[in-house]
**Student:** 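Structure incoming, see below.
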Amino acid sequence: MAHVVIIGGGFAGVWSAAGAALARGDADLSITLIAPNEHLVLRPRLYEPEPDLAKVELRRILAPIGVEHRRAWVSSIDTDRRVVVADGTEIGYDRLVLAAGSKLVTPAGLPGAERLFDIDTLDGARRLTDHLRGREDFTAVVVGAGFVGLEAATELAARGRVLLVDRSDVVGDQLGPGPRAEIEAALDKLNIECRLSTTVTEVGDGYTVLSDGSRGETDAVVWSVGLRASELTRHVSDDLDPLGRVPVDRWLRALPEVFAAGDTAAARVEGDHVVMQSCQHATPLGKVAGYNAAADLLGLPPRDFTPAPYVTCLDLGGAGGVFTRGWDRRVMATGADGASIKKKINQYIHPPVDDATKILAAADRIHTPLPFFPRDDAERT
Ligand SMILES: Cc1cc2nc3c(=O)[nH]c(=O)nc-3n(C[C@H](O)[C@H](O)[C@H](O)COP(=O)(O)OP(=O)(O)OC[C@H]3O[C@@H](n4cnc5c(N)ncnc54)[C@H](O)[C@@H]3O)c2cc1C
């Protein structure tokens with residue numbers, strides 16, 4: 001029997017599995033998802049105070065749709081022989097979907113780097129939560145005023161004093177000028193002190209030293225910058241993008257028998273843009289890559305990658321949230337309205353469980369804009 005293998009149990013891997021099961025229908029095709037974890041981790045929710053709520057048992061998604069879950073770590077891919085090595089065992093594939101995601105790269109040369117906290121993984125977020133639990137008041141330094149750093153800083157500000165440090169001379173540099181005024185107002189409102197054009201040069205036991213020479217007492221330093229695609233991308237391509245991602249075509253194919261999805265894939269989207277390392281893109285990337293991997297073996301036409309238009313929604317803690325549309329990030333909702341949209345997104349990203357019909361129907365929806373998003377004037381006409 002032909003075999004689709006998916007590496008990764010994040011959004012991209014899970015939705016690849018569902019996409020492949022959708023294309024399979026009643027045909028003879030086995031689908032295996034390889035990932036060490038027992039849960040799908042809802043990474044976008046790891047900034048929340050109870051990170052253990054941000055997980056879904058993989059068994060409840062994969063079992064109903066007839067996908068085998070092999071709990072193992074893939075160390076290599078041999079694309080000539082079409083095998084992957086998982087915990088030392090070779091597993092053959094006819095089509096492979098690489099969905100091994102990304103991880104935060106912490107600065108190796110930084111003195112005290114081993115003391116850094118992060119919210120990149122469930123274990124990382126748990127460690128930070130446990131470290132700060134029960135403290136009356138604390139001082140946290142958050143390094144990086146990008147998407148993740150801003151959500152971490154504004155959430156922590158409800159419980160302690162926060163210093164936000166960034167090399168750039170503006171906050172939210174990569175988010176562009178669109179939402180900046182909202183972000184700056186939120187940081188002011190929450191008394192978050194910003195040190196721009198600055199970085200951390202030492203993380204000591206209870207203190208932090210910054211590049212401007214200042215030194216302050218600190219209970220936790222949270223590192224948030226530098227996401228990089230899985231090392232497995234190197235086994236598929238020599239031509240990786242600056243984030244370590246594999247280039248793919250409009251059907252998300254990287255090699256004749258290999259597709260890529262999620263944070264490992266550099267796919268073109270909405271003209272000349274390249275997908276973001278985001279759940280927003282990982283989900284439709286998975287649905288299409290998995291579908292196309294199975295469709296290729298079954299002689300079905302492939303699906304184009306056509307996700308819903310790009311949006312962002314940033315949680316600003318006690319200052320609400322900001323929702324933007326488009327790659328120029330036009331602000332569409334702020335404050336309590338923005339926070340309410342974020343809350344709905346954080347519920348929506350939880351995939352359906354225990355029900356094959358619902359899971360497969362969701363895998364079939366590639367580009368449905370969410371009903372609770374404020375609409376553009378262009379969409380209203
Ligand atoms: C704090 C935080 C907030 C975020 N907020 C947002 C947001 O608001 N909106 C948004 O759209 N995105 C957000 N993101 C980004 C989003 O979470 C990621 O882009 C998304 O999780 C990528 O999904 P993925 O499946 O490609 O990869 P991952 O989530 O990284 O999953 C990868 C999977 O592959 C497995 N794996 C890795 N290597 C191997 C291997 N060698 N062998 C076997 N299995 C392997 C892992 O165990 C995991 O199961 C946020 C991320 C973080 C950390």
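Throughout, numbering of the chain's residues begins at 1 and tracks the sequence. When a ligand or atom number is given, it counts from 1 through the structure's own listing order.
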**Student:** I want to check a possible cation-pi pair here: R127 against F117, using under 6.0 Å from ring centre and within 45° of the ring axis as the test.
**Tutor:** yes
**Student:** Transitively linked via ILVMFWY side-chain contacts under 4.5 Å: L297 with W251?
**Tutor:** no
**Student:** Are L62 and I7 connected into the same hydrophobic cluster when the rule is that any two of I, L, V, M, F, W, Y join if their side-chain heavy atoms are below 4.5 Å apart?
**Tutor:** no
**Student:** Check each atom of ligand 1 against the heavy atoms of Q277 and keep those under 4.0 Å away; list them by number with element.
**Tutor:** 15 (C), 19 (O)
**Student:** Decide whether I65 and L29 are clustered together by the hydrophobic rule: side chain heavy atoms of Ile, Leu, Val, Met, Phe, Trp, Tyr closer than 4.5 Å, transitively.
**Tutor:** yes
**Student:** Using the six-membered ring wherever Trp is involved, compare the ring planes of H273 and W327 and label them parallel, tilted or perpendicular (cut-offs 30° and 60°).
**Tutor:** parallel
**Student:** I'd like to know if I359 and Y348 are part of one continuous hydrophobic network [Ile/Leu/Val/Met/Phe/Trp/Tyr, side-chain heavy atoms within less than 4.5 Å].
**Tutor:** yes
**Student:** Test side chain to side chain donor-acceptor pair (under 3.5 Å) on R115 and T218 and set out the steps.
**Tutor:** CA-CA 11 Å; R115 294 195 176 92; T218 314; over 6 Å; no
**Student:** Could you give the distance from CZ (R60) to CG (L58), rounded to the nearest 0.5 Å?
**Tutor:** 11.5 Å
**Student:** By number and element, which atoms of ligand 1 are closer than 4.0 Å to a non-hydrogen atom of I119?
**Tutor:** 1 (C), 53 (C)
**Student:** Write down the atom of A319, the atom of L190, and the distance for their closest heavy-atom approach.
**Tutor:** N-CD2, 4.0 Å
**Student:** Ligand 1 and Q280, any nitrogen or oxygen pair closer than 3.5 angstrom?
**Tutor:** yes
**Student:** I'd like to know if A86 contacts ligand 1, where contact means a heavy-atom distance under 4.0 Å to any ligand atom.
**Tutor:** no
**Student:** Nearest protein heavy atom to atom 42 (N) of ligand 1, by residue and atom, and its distance?
**Tutor:** V74 N, 2.8 Å
**Student:** Just need the protein heavy atom nearest to atom 8 (O) of ligand 1, so name the residue and atom and give the distance.
**Tutor:** K342 NZ, 3.0 Å
**Student:** Of the side chain and backbone of A72, name the one, both, or neither that has a heavy atom under 4.0 Å from an atom of ligand 1.
**Tutor:** backbone
**Student:** Going only through I, L, V, M, F, W and Y residues with side-chain contacts under 4.5 Å, is there a path from L314 to I192?
**Tutor:** yes
**Student:** Counting each atom of ligand 1 from 1 as listed, which ones have a heavy atom of I34 under 4.0 Å away?
**Tutor:** 43 (C), 44 (N)
**Student:** Does an N or O anywhere in S230 fall below 3.5 Å from an N or O of ligand 1?
**Tutor:** no
**Student:** Compare G8, A35, A100 and give the one whose heavy atom is closest to atom 32 (C) of ligand 1.
**Tutor:** A100
**Student:** Can E38 and R59 be counted as an ion pair, charged N to O under 4.0 angstrom?
**Tutor:** no
**Student:** Quick one: which ligand 1 atoms are inside 4.0 Å of a heavy atom on I7?
**Tutor:** 42 (N), 43 (C)
**Student:** Do you know the tightest heavy-atom contact between I77 and V74?
**Tutor:** CG1-CG1, 4.4 Å
**Student:** Could you go through T324 and T312, starting from their C-alpha distance and side-chain angles, then the distance that decides it, and tell me whether this counts as side chain to side chain donor-acceptor pair (under 3.5 Å)?
**Tutor:** CA-CA 5 Å; T324 71; T312 58; 2.3 Å; yes
**Student:** Which one holds for A282 and ligand 1: side chain close, backbone close, both close, or neither close, with close meaning a heavy atom under 4.0 Å?
**Tutor:** side chain
**Student:** Does any N or O of ligand 1 fall below 3.5 Å from an N or O anywhere on G262, backbone included?
**Tutor:** no
**Student:** F373 vs F323 aromatic rings, parallel, tilted or perpendicular, using cut-offs 30° and 60°?
**Tutor:** tilted
**Student:** Tell me which part of L104 gets within contact of ligand 1: side chain, backbone, both or neither, using heavy atoms under 4.0 Å.
**Tutor:** neither
**Student:** How far is atom 2 (C) of ligand 1 from its nearest protein heavy atom, and which residue and atom name does that atom have?
**Tutor:** R43 O, 3.4 Å
**Student:** Could you tell me the residue and atom name of the protein heavy atom closest to atom 39 (C) of ligand 1, and the distance to it rounded to 0.1 Å?
**Tutor:** W73 CZ3, 3.3 Å
**Student:** Please list, in number order, the atoms of ligand 1 under 4.0 Å from a heavy atom of F11.
**Tutor:** 21 (O), 25 (O)
**Student:** With heavy atoms under 4.0 Å as the rule, classify the contact between N37 and ligand 1 as side chain, backbone, both or neither.
**Tutor:** side chain
**Student:** Look only at interatomic distance and state if Y47 has a nitrogen or oxygen under 3.5 Å from any nitrogen or oxygen of ligand 1.
**Tutor:** no
**Student:** By number and element, which atoms of ligand 1 are closer than 4.0 Å to a non-hydrogen atom of S102?
**Tutor:** 30 (O)
**Student:** CG of L104 to OG1 of T121: how many Å apart, nearest 0.5 Å?
**Tutor:** 9.0 Å
**Student:** Among all protein heavy atoms in this structure, tell me which lies nearest to atom 27 (O) of ligand 1, with the distance rounded to 0.1 Å.
**Tutor:** G101 CA, 3.1 Å
**Student:** Looking only at protein heavy atoms, which one is nearest to atom 25 (O) of ligand 1, and what is the separation?
**Tutor:** A12 N, 2.9 Å
**Student:** Just let me know how D263 lines up against ligand 1, side chain, backbone, both or neither, with a heavy-atom cut-off below 4.0 Å.
**Tutor:** both
**Student:** Any nitrogen or oxygen of C279 lying under 3.5 Å from a nitrogen or oxygen in ligand 1? Just yes or no.
**Tutor:** yes
**Student:** With a cutoff of 4.0 Å, is K103 in contact with ligand 1, counting heavy atoms of the residue only?
**Tutor:** no
**Student:** Return the closest protein heavy atom for atom 14 (N) of ligand 1 as residue, atom name and distance.
**Tutor:** P44 CG, 4.0 Å
**Student:** Can you pull out the closest protein heavy atom to atom 44 (N) of ligand 1? Residue, atom name and distance to 0.1 Å, please.
**Tutor:** P36 CD, 3.4 Å
**Student:** As a check for students: among G9, A229, S16, identify the option with a heavy atom nearest to atom 33 (C) of ligand 1.
**Tutor:** G9
**Student:** Is there a side chain to side chain donor-acceptor pair (under 3.5 Å) between D239 and S237? Walk through the geometry before answering.
**Tutor:** CA-CA 5 Å; D239 180 27; S237 173; 5.3 Å; no
